[in-house]
Amino acid sequence: MAEELKRGYTFFYNNTTWKVTKTYIIKWDDGTKTNEYQVKSRQGIVQYLEIEIAKGKKDTYSFWSIEPKHSFLQKTQGLTKDFVSIGKVKFPKNISYQGVDYEFDERNDGKCKYDFETERVNCLEYTNADDTKFLALEFWDDEIEVSTGIPIKKSDISQIKPGVGILETPILDFIWKYIQYIIFGLFFLVMFLVTQCSNRNSWNNDSQSLNDSTKVNRSNGYYRSRNSGGFGK
């Protein structure tokens, strides 16, 4: 399955067709790997499909949503017991979120590769009592991401179809990400070429290699009169 899904591909899950819009590969320090796919439904809902791959074990599948509200984490810094920490930041081993009680399961650290970039990530994973709901706290270079997920089966995903079109390419993503620098670069390149062209064809350029019949060359005494009957005479 991990080899089948690529950017632009579509698949059917939970009565909805989803399109893969971004792909991430996370290599964890414990030797496991996660292929993560940002997917978008026809209704514009953005979620994430994760496939965890471990040597000698069966691949596991889960479906995730990013949680925009996680101010509750700010209230946990006064903890004195039953906490896990990343650096000096503390997080409770038990979290109640949106009516679900989660218990700390494990911490994973790794590197995430996305197109041309690699970024370090630390992850605290939580699960409910019967392992039917997950909560993850992911720590990136400049942000904390909270997401909730559920386990799914490989058979829940069907009708995988290749994507079409150039709009789903890493190269285009790179261009859009650095579009302002590219525009500035092209602007200065154009200005440089215009300047060079202007210097070569300027009024004061006396290069004899140029054959410009409209040019007045005051050094050898010929010019074009305003009332001349012919152009360039």
Side-chain angles (χ1 to χ4, degrees), residues 1-11 13 18-40 46-68 70 73 83-91 93 95 97 102-128 131-157 160 162-163 168-178:
M1 174 70 70
E3 291 75 17
E4 296 180 32
L5 287 175
K6 297 179 181 179
R7 187 190 304 262
Y9 277 39
T10 60
F11 62 88
Y13 165 72
W18 301 85
K19 184 176 184 179
V20 178
T21 53
K22 294 181 181 180
T23 61
Y24 309 85
I25 298 177
I26 305 176
K27 293 184 178 180
W28 303 102
D29 293 349
D30 63 0
T32 61
K33 182 177 76 169
T34 297
N35 290 338
E36 183 177 296
Y37 305 91
Q38 184 187 83
V39 297
K40 189 174 183 180
V46 176
Q47 293 192 324
Y48 295 82
L49 169 65
E50 286 191 2
I51 304 176
E52 185 175 322
I53 303 169
K55 292 182 179 180
K57 295 183 180 180
K58 191 176 181 179
D59 296 349
T60 57
Y61 295 73
S62 54
F63 217 72
W64 296 79
S65 299
I66 300 295
E67 301 295 335
H70 44 82
L73 294 177
F83 66 86
V84 291
S85 61
I86 293 182
K88 297 181 180 180
V89 185
K90 301 177 181 178
F91 301 93
K93 288 188 175 180
I95 296 178
Y97 184 73
Y102 296 96
E103 185 177 349
F104 175 71
D105 182 36
E106 62 179 345
R107 170 179 171 173
N108 282 313
D109 306 311
K111 291 183 178 179
C112 176
K113 183 178 181 181
Y114 169 65
D115 287 345
F116 305 97
E117 297 183 0
T118 300
E119 187 174 354
R120 189 73 180 172
V121 58
N122 309 107
C123 181
L124 301 180
E125 298 180 1
Y126 295 76
T127 182
N128 67 343
D131 293 330
T132 58
K133 294 185 178 181
F134 306 139
L135 175 72
L137 309 180
E138 293 183 347
F139 304 85
W140 303 88
D141 289 343
D142 55 358
E143 66 175 335
I144 298 177
E145 187 176 275
V146 178
S147 55
T148 55
I150 58 173
I152 66 173
K153 300 177 181 178
K154 179 180 180 179
S155 58
D156 292 335
I157 299 175
I160 297 176
E168 304 294 344
T169 64
I171 295 177
L172 193 62
D173 275 353
F174 178 84
I175 292 175
W176 280 114
K177 184 171 184 177
Y178 298 101

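Worth knowing before you read on, the calculation uses all heavy atoms, side chains too, and leaves out hydrogens, waters and symmetry mates.
Salt bridge status for K27 with D109: absent, with no side-chain N to carboxylate O gap under 4.0 Å. A salt bridge is absent between K33 and D59: the closest approach of a Lys/Arg side-chain nitrogen to an acidic carboxylate oxygen does not fall below 4.0 angstrom.
The NZ atom of K90 sits 8.0 Å away from atom OG of S85, with the distance rounded to the nearest 0.5 Å. A distance of 5.0 Å separates CD1 in I66 from OG in S147, rounded to the nearest 0.5 Å. With values rounded to the nearest 0.5 angstrom, T60 atom OG1 is found 9.0 Å from I51 atom CD1. For the atom pair T23 OG1 and E36 CD, the distance stands at 10.0 Å (nearest 0.5 Å). A distance of 11.5 Å separates CG in L137 from CG in N122, rounded to the nearest 0.5 Å. Interatomic distance, D131 CG to D105 CG, rounded to the nearest 0.5 Å: 7.0 Å.
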After noting the C-alpha distance and the side-chain angles of I152 and I157, does the key distance pass the side-chain contact (heavy atoms from CB on, under 4.5 Å) rule?
CA-CA 9 Å; I152 66 173; I157 299 175; 4.2 Å; yes
Does V121 form a side-chain contact (heavy atoms from CB on, under 4.5 Å) with I26? I'd like the steps, not just the answer.
CA-CA 9 Å; V121 58; I26 305 176; 4.2 Å; yes
For V39 and F11, what are the C-alpha separation, side-chain angles and deciding distance, and is it a side-chain contact (heavy atoms from CB on, under 4.5 Å)?
CA-CA 10 Å; V39 297; F11 62 88; 3.7 Å; yes
In sequence, state the C-alpha distance, the side-chain angles, and the governing distance for I150 and T132, and then conclude on side-chain contact (heavy atoms from CB on, under 4.5 Å).
CA-CA 6 Å; I150 58 173; T132 58; over 6 Å; no
What's the verdict on side-chain hydrogen bond (donor to acceptor under 3.5 Å, both in side chains) for N35 and E50, showing C-alpha distance, side-chain angles and the deciding distance?
CA-CA 6 Å; N35 290 338; E50 286 191 2; over 6 Å; no
CA sep, side-chain torsions, deciding dist, call: S65, Q47, side-chain hydrogen bond (donor to acceptor under 3.5 Å, both in side chains):
CA-CA 5 Å; S65 299; Q47 293 192 324; 2.6 Å; yes
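Counted by atom type alone, T148 and W64 present zero donor-acceptor pairs between their side chains at under 3.5 Å. For the residue pair E103 / N128, no side-chain donor-acceptor distance below 3.5 Å is found, with atom types taken as modelled.
Considering all non-hydrogen atoms of both residues, F83 and K93 come closest at O-CE, 3.7 Å. Between G110 and R120, the closest heavy-atom pair is O-CD, 3.3 Å. In terms of heavy atoms, K111 sits closest to T118 at CB-CG2, 4.1 Å. Nearest approach of T34 to E52, heavy atoms of both residues: OG1-CG, 4.1 Å.
By the ring pair (Phe, Tyr, Trp, His ring centres under 6.0 Å) test, F63 pairs with Y13, W18, sequence neighbours left out. Qualifying ring pair (Phe, Tyr, Trp, His ring centres under 6.0 Å) partners for F139, counting only residues two or more places apart in sequence or in other chains: F91. Looking at residues two or more places apart in sequence or on another chain, you find a side-chain hydrogen bond (donor to acceptor under 3.5 Å, both in side chains) between Y48 and Q38.
Looking only at side-chain heavy atoms (C-beta outward), L5 and I160 come within less than 4.5 Å of each other. Inter-residue side-chain proximity for E119 and Y114 is flagged as unmet; no heavy-atom pair is nearer than 4.5 Å.
Judged purely by atom type and a 3.5 angstrom limit, R7 uses its side chain to pair as donor or acceptor with the backbone of T21.
The only member of Y97, Y102, F134, F104 that meets ring pair (Phe, Tyr, Trp, His ring centres under 6.0 Å) when paired with Y126 is F104.
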